[in-house]
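Report on the structure given below.
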Amino acid sequence: MLDESKNVTGYNVARSLRWVDGELFILDQTRLPGEIVENRQETIEQVWESIQQLKVRGAPAIGVAAAYGLLVGMRPFRERPLAEFFGMLKEKAAYLNSSRPTAVNLGWSLKRMTDFAKAQSGQTGSAAQLYELLVEEACRIHAEDQAICRAIGEHGLQLIHAGAGVLTHCNAGALATSELGTATAPLYLAHARGINFRIYADETRPLLQGARLTTWELQQAGLDVTLICDSMAAHVMSQGLIDICIVGCDRVAANGDAANKIGTLGVAILAQHFKIPFYVACPSSTVDLQTARGDAIVIEERAADEVLFCGTHRTAPQGAKALNPAFDVTPHALIAGFITERGILRPPYAETLARHFG
Ligand code: MRU
């Protein structure tokens with residue numbers, strides 16, 4: 001079941017995950033839009049699989065799921081001596097961090113949880129007490145993500161004009177975060193304020209996050225969304241239908257190079273050709289100032305079958321080879337601005353990112 005409570009748009013946008021009475025529930029996004037199924041996460045291994053298999057996906061949602069997932073993993077150790085609890089916490093955090101490599105939010109939230117535990121160690125007498133404090137910290141990470149999405153929406157709103165055509169890629173929506181999404185947050189807010197505009201969603205092969213997820217969630221909320229195949233983006237731009245591109249991101253290097261879903265780089269290059277501004281919506285949890293440039297970002301390589309099949313249907317001959325990098329890196333020179341919770345950042349990004357997130 002989805003949470004019935006309405007968010008800031010006034011619409012019941014789907015919740016990617018919920019923490020209820022000490023239990024983690026994850027909406028299985030691999031089954032959308034056909035079926036709405038939430039799975040209670042019983043073990044940390046199940047959470048690892050939910051992240052790896054993209055049942056929960058999108059950089060911010062992965063970060064929040066990992067924070068709660070760590071609690072699921074630490075539940076059996078609440079009655080153990082504190083020293084043992086700390087040892088296990090480190091081990092379990094490293095394990096969850098191995099589920100996917102590219103989105104920095106995963107490591108960011110796990111580090112925040114383990115750093116928090118260390119900082120509390122002087123004040124807590126027992127593992128049970130520390131566990132409860134960690135629950136509060138995970139809930140704070142979750143609530144902050146909601147607030148950050150809203151702030152990104154408020155800052156990005158100035159970019160959405162009446163009559164505009166907006167192109168987005170993959171799903172950087174409510175399903176990828178805790179509430180309004182990042183790239184979609186300005187769109188939800190603009191719609192709520194009565195601005196009429198059109199959204200074009202790339203279908204995003206191989207796993208179709210644009211078709212299955214972005215189209216679904218925007219349609220549910222009553223926004224004007226039109227699905228296009230990835231290969232149609234150039235033509236649609238050439239017809240003057242796109243005024244702005246807004247995408248999400250999984251990791252932003254210190255110089256402003258941004259990793260996002262495979263195909264994003266192509267959209268950015270097209271946008272430059274057609275002189276369309278290309279924006280990246282980016283919460284602070286996705287900024288990685290430790291990584292100097294985009295070419296140092298680890299790109300997840302996924303199973304070839306995701307390319308050889310479309311859903312359960314094989315589209316390539318038996319024995320065909322396939323590449324499946326899940327992300328690409330857009331050079332900072334192609335990015336008109338980063339829409340963040342602290343405002344829209346402009347070049348030079350090495351300076352503006354460091355000033356706001358250093
Ligand atoms: O493989 P996915 O579906 O996790 O990839 C998601 C994306 O690339 C999103 O655009 C990104 O995580 C930003 S989500 C606000």
Side-chain angles (χ1 to χ4, degrees), residues 13-14 16-17 26-30 32 50-66 99-109 145-146 148-153 156 167-188 201-218 230 245-252 258-268 278-288 294 297-303 306-307 324-330 335 338-341:
V13 175
S16 52
L17 53 79
I26 285 180
L27 175 66
D28 183 351
Q29 298 190 30
T30 63
L32 289 174
S50 295
I51 296 172
Q52 204 282 330
Q53 296 174 1
L54 275 51
K55 290 180 177 172
V56 60
R57 32 73 43 210
I62 293 174
V64 177
S99 54
R100 290 191 80 188
T102 305
V104 69
N105 306 57
L106 181 62
W108 169 85
S109 81
D145 187 52
Q146 292 177 348
I148 285 170
C149 288
R150 282 181 224 169
I152 287 175
L167 181 84
T168 191
H169 189 76
C170 192
N171 174 267
L175 289 166
T177 63
S178 313
E179 198 179 67
L180 292 180
T182 58
T184 56
L187 311 181
Y188 281 120
D202 279 348
E203 70 175 348
T204 318
R205 269 286 280 156
L207 295 180
L208 304 174
Q209 287 91 333
R212 295 187 302 104
L213 308 177
T214 302
T215 308
W216 182 73
E217 70 162 83
L218 294 178
D230 301 333
C245 301
I246 308 180
V247 300
C249 56
D250 287 82
R251 189 183 292 247
V252 175
N260 191 46
K261 178 52 56 192
I262 192 77
T264 303
L265 172 59
V267 174
F278 177 90
Y279 284 89
V280 176
C282 170
S284 46
S285 51
T286 305
V287 177
D288 177 11
I297 297 174
V298 176
I299 300 294
E300 178 181 11
E301 188 68 40
R302 295 185 63 86
E306 292 180 354
V307 176
N324 191 10
F327 300 94
D328 56 29
V329 175
T330 299
I335 299 170
F338 285 97
I339 313 170
T340 77
E341 72 264 31

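Residue indices begin at 1 and follow the sequence shown. As the structure lists them, so they are numbered: ligands from 1, and atoms in each ligand from 1.
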Do you know which two heavy atoms are closest between [X] and [Y], and how far apart they sit?
X	Y	result
A59	C249	CB-O, 3.8 Å
V64	S178	CG2-OG, 3.7 Å
T168	V247	OG1-CA, 4.3 Å
H169	I262	NE2-O, 2.9 Å
C282	T286	SG-CB, 4.3 Å
K261	F327	N-CD2, 3.6 Å

Q: Quick one: do T330 and V280 satisfy side-chain contact (heavy atoms from CB on, under 4.5 Å)? Show the steps, please.
A: CA-CA 10 Å; T330 299; V280 176; 5.9 Å; no
Quick check on contacts: which atoms of ligand 1 are under 4.0 angstrom from a heavy atom of [X]?
X	value
P60	14 (S), 15 (C)
Q209	1 (O), 2 (P), 3 (O)
A59	12 (O), 14 (S)
A176	14 (S), 15 (C)
D250	7 (C), 8 (O), 9 (C), 11 (C), 12 (O)

Q | Audit row: N171, E217, side-chain hydrogen bond (donor to acceptor under 3.5 Å, both in side chains) steps and yes/no | A | CA-CA 9 Å; N171 174 267; E217 70 162 83; 3.2 Å; yes
(Q) Less than 4.0 Å is my threshold; does some heavy atom of T102 fall inside it relative to ligand 1? (A) no
Q: Could you tell me whether ligand 1 has any atom less than 4.0 Å away from a heavy atom of A103?
A: no
Residue portion contacting ligand 1 (non-hydrogen atoms closer than 4.0 Å) for [X]:
X	result
R100	side chain
A326	neither
T264	neither
A172	both

(Q) Give me the nearest non-hydrogen protein atom to atom 13 (C) of ligand 1 as residue plus atom name, then the distance to 0.1 Å. (A) C249 O, 3.3 Å
Q) Looking at atom 6 (C) of ligand 1, what's its closest protein heavy atom, distance included? A) R57 NH2, 3.5 Å
Q) Which option out of R251, E300, K261 puts a heavy atom nearest to atom 5 (O) of ligand 1? A) K261
Q.
Tell me the nearest of T214, N260, I51, I262 to atom 9 (C) of ligand 1, using heavy-atom distances.
A. N260
Q: State, without any angle test, whether S284 and E341 hold a side-chain donor-acceptor pair at a distance under 3.5 Å.
A: yes
Q. Do D28 and T30 get their side chains close enough for a donor-acceptor pair, meaning under 3.5 Å?
A. yes
Q. Can you find an N/O atom of G58 closer than 3.5 Å to an N/O atom of ligand 1?
A. yes
Q) Do any N/O atoms on T182 end up under 3.5 angstrom from N/O atoms on ligand 1? A) no
Q: Identify whether the distance between the nearest side-chain nitrogen and carboxylate oxygen of D230 and R205 falls below 4.0 Å.
A: no
